*Asks:* 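Can you keep this structure in mind? I'll have questions shortly.
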There are 2 protein chains.
Amino acid sequence: MPNNQFKKGELYSFITGKASIAIARRLQKKFNTAGLNLTIEQWSVLYHLWKEDGKSQQELCNATFRDKPSITRLVDNLEKLQLVKRVASESDRRINRIYLTKLAQKLQEQTMGLAEETLNEALGGVPADKIDVCKSVLQIVYDNLK
Amino acid sequence: MPNNQFKKGELYSFITGKASIAIARRLQKKFNTAGLNLTIEQWSVLYHLWKEDGKSQQELCNATFRDKPSITRLVDNLEKLQLVKRVASESDRRINRIYLTKLAQKLQEQTMGLAEETLNEALGGVPADKIDVCKSVLQIVYDNLK
DNA sequence: TTCATATAGTTGTTTAACTAACTATATGCC
DNA sequence: GGCATATAGTTAGTTAAACAACTATATGAA
């Protein structure tokens with residue numbers, strides 16, 4: 001039988017993800033205040049390239065949980081900002097590998113610092129063990145649905 | 001001192017809210033499969049009107065955590081779909097009160113059923129006490145940042 | 001080798017979010 | 001009453017997401 005943990009009044013905020021929206025907005029504000037002309041979505045692509053430069057667009061789709069048109073356009077805008085460049089693969093000409101520019105490499109330390117700052121603000125007053133439980137629940141939700 | 005619960009590898013998924021995005025996508029698919037021509041964002045407005053019909057646009061902003069232009073356009077589109085209508089307030093002519101049509105009233109039971117179904121799928125295998133911890137953490141995050 | 005199929009990426013269209021700038025109405029102080 | 005200020009809502013411009021349809025390249029079987 002279905003578990004009825006969710007009554008109507010609580011259902012909405014789980015679906016809309018208010019907490020993560022609030023985190024993203026706070027981080028965006030920090031970027032703006034710091035004079036960084038960068039959206040959170042653009043940052044999320046750079047984030048995965050900092051972990052491993054030269055990912056293909058398809059790999060960025062998987063990593064960022066976005067579809068191909070979304071990545072095409074994010075990479076378009078990142079190229080306009082001179083933060084990445086597309087390089088066609090030699091071995092498989094269907095593939096674009098995306099490489100960070102020096103400008104983007106310089107952004108890593110500053111933006112990751114702002115991101116950590118944001119999370120510390122968000123999680124102020126929450127004990128570490130509860131954060132762990134929360135993370136594990138969200139991971140299961142993601143795995144259940146993907 | 002700052003809590004360093006977040007190492008780089010875990011930071012991203014908290015900011016991007018993959019779990020809630022996955023829930024919203026699943027619910028949207030259910031709407032589409034059921035032949036409902038309705039976005040999750042439009043549904044989220046109806047949701048708050050089902051709780052209390054005749055809210056003003058500003059009240060919908062607060063309830064849905066959106067800004068005024070977003071609500072203006074969502075109400076525009078809901079009016080085009082014949083699901084709500086704007087009624088100028090008699091006592092304060094700046095205010096529009098938004099009322100559900102009969103068509104929208106009919107959608108409540110079906111869509112709330114699909115939403116509950118979605119959450120049950122998302123939370124399958126998660127014990128109730130962990131869900132409670134997760135909800136409370138997300139609430140604190142939201143309160144910390146708003 | 002050739003043709004069907006799969007994969008990588010792009011383009012067009014609609015909906016939505018954020019910011020900034022705007023109009024209209026209400027409130028409150030002088 | 002009149003004017004400054006606040007509040008409710010709209011409009012314009014940019015970025016992004018979902019979906020469908022498309023091009024180009026690679027793979028694999030006959």
Side-chain angles (χ1 to χ4, degrees), chain A residues 16-18 20-22 24-33 36-45 54-81 83-98, chain B residues 16-18 20-33 36-45 54-81 83-84 86-98:
Chain A
T16 54
K18 281 187 176 186
S20 53
I21 293 171
R25 286 183 188 167
R26 174 67 61 98
L27 180 55
Q28 181 71 68
K29 281 228 171 75
K30 286 181 191 288
F31 283 1
N32 297 346
T33 302
L36 299 172
N37 180 24
L38 191 69
T39 68
I40 298 303
E41 293 82 4
Q42 290 163 358
W43 174 81
S44 77
V45 172
K55 281 192 160 82
S56 71
Q57 293 189 200
Q58 183 58 55
E59 286 166 340
L60 288 172
C61 291
N62 301 336
T64 65
F65 196 39
R66 289 183 172 85
D67 66 3
K68 288 194 285 189
S70 296
I71 290 297
T72 292
R73 274 140 187 164
L74 281 170
V75 172
D76 286 347
N77 285 332
L78 286 166
E79 269 195 321
K80 278 184 208 151
L81 293 169
L83 292 171
V84 303
K85 53 176 196 269
R86 285 178 167 94
V87 178
S89 166
E90 297 273 315
S91 60
D92 184 338
R93 298 180 57 202
R94 292 171 304 182
I95 293 176
N96 288 336
R97 302 218 160 268
I98 312 301
Chain B
T16 54
K18 281 187 177 186
S20 52
I21 293 172
I23 292 172
R25 286 182 188 167
R26 174 66 62 99
L27 179 55
Q28 182 71 67
K29 281 228 172 76
K30 284 181 192 290
F31 283 2
N32 296 347
T33 301
L36 300 172
N37 180 25
L38 191 69
T39 68
I40 298 303
E41 293 81 6
Q42 290 164 356
W43 174 81
S44 78
V45 172
K55 281 193 162 78
S56 71
Q57 293 190 201
Q58 183 59 54
E59 287 166 339
L60 288 172
C61 291
N62 302 337
T64 65
F65 196 39
R66 290 184 171 85
D67 65 4
K68 287 194 286 187
S70 297
I71 290 296
T72 293
R73 269 138 190 166
L74 281 170
V75 173
D76 285 348
N77 286 331
L78 286 167
E79 269 195 322
K80 278 184 210 152
L81 292 169
L83 292 171
V84 304
R86 285 176 167 95
V87 178
S89 165
E90 297 274 314
S91 59
D92 185 340
R93 297 181 56 203
R94 294 171 304 181
I95 293 175
N96 289 335
R97 302 219 160 268
I98 312 301

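By convention in this document, chain letters (A, B, ...) are assigned in the order of the sequence lines, proteins followed by strands, and residues within each chain are numbered from 1. The structure displayed is predicted, hence computed values, not measured ones.
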*Asks:* Apply side-chain contact (heavy atoms from CB on, under 4.5 Å) to B:Lys68 and list each qualifying residue two or more places apart in sequence or on a separate chain.
*Replies:* B:Gln58, B:Cys61

*Asks:* Given side chains that start at C-beta, do those of A:Thr33 and A:Lys30 come closer than 4.5 Å, heavy atoms only?
*Replies:* no

*Asks:* Write down the distance between NZ (A:Lys55) and P (C:dA8), rounded to a whole number of angstrom.
*Replies:* 15 Å

*Asks:* Looking at side-chain heavy atoms only, is the closest gap between A:Leu83 and A:Gln42 below 4.5 Å?
*Replies:* no

*Asks:* Send over the distance from B:Lys68 NZ to C:dT19 C1', rounded to a whole Å.
*Replies:* 13 Å

*Asks:* Any donor-acceptor pair under 3.5 Å linking the side chain of B:Gln57 with the backbone of B:Asn96?
*Replies:* no

*Asks:* Rounded off to whole Å, could you give me the CG-to-P distance for the B:Leu60 and D:dT7 pair?
*Replies:* 19 Å

*Asks:* Have a look at B:Arg97 and say if it touches a base, only the backbone sugar-phosphate, or nothing, with a 4.0 Å heavy-atom cut-off.
*Replies:* nothing

*Asks:* So, the side chain of B:Glu79 versus the backbone of B:Leu74: is there a donor-acceptor pair under 3.5 Å, distance only?
*Replies:* no

*Asks:* What is the per-nucleotide protein-contact pattern of nucleotides 14-20 of chain D, from the 5' end, where B denotes a base atom under 4.0 Å from a protein heavy atom, S denotes such proximity for sugar-phosphate atoms only, and - denotes neither?
*Replies:* -SSSBBB

*Asks:* Just report the end-to-end axis angle for the helix from C:dT1-D:dA30 to C:dC30-D:dG1, five pairs per end, to 10 degrees.
*Replies:* 10°

*Asks:* Do the side chains of B:Asn77 and B:Glu41 get nearer than 4.5 Å, heavy atoms only?
*Replies:* no

*Asks:* Under 4.0 Å between a Lys/Arg side-chain N and an Asp/Glu carboxylate O for A:Asp92 and A:Arg97?
*Replies:* no

*Asks:* Separation of B:Trp43 atom CH2 from C:dT15 atom C1', in whole Å?
*Replies:* 18 Å

*Asks:* Rounding to an integer number of Å, can you tell me how far B:Leu78 CG sits from C:dT15 P?
*Replies:* 11 Å

*Asks:* Find which nucleotide of DNA chain C each of B:Ser91 and A:Thr72 is nearest to by heavy atoms, and output the residue with the more 5' nucleotide.
*Replies:* A:Thr72

*Asks:* Can you measure B:Arg94 atom CZ to D:dG9 atom P for me and round it to whole angstrom units?
*Replies:* 9 Å

*Asks:* Tell me whether the side-chain N/O atoms of B:Arg93 come closer than 4.0 Å to OP1 or OP2 in C:dT27.
*Replies:* no

*Asks:* Do B:Ile98 and B:Arg86 have side-chain heavy atoms sitting under 4.5 Å apart?
*Replies:* yes

*Asks:* With rounding to the nearest 0.5 Å, note down the distance linking CG in B:Leu60 to OG1 in B:Thr72.
*Replies:* 10.5 Å

*Asks:* For the pair made of CZ in B:Phe31 and P in C:dT14, what is the distance, rounded to whole Å?
*Replies:* 22 Å

*Asks:* Take atom CG of B:Asp76 and atom C1' of D:dA12, then tell me their distance rounded to the nearest Å.
*Replies:* 14 Å

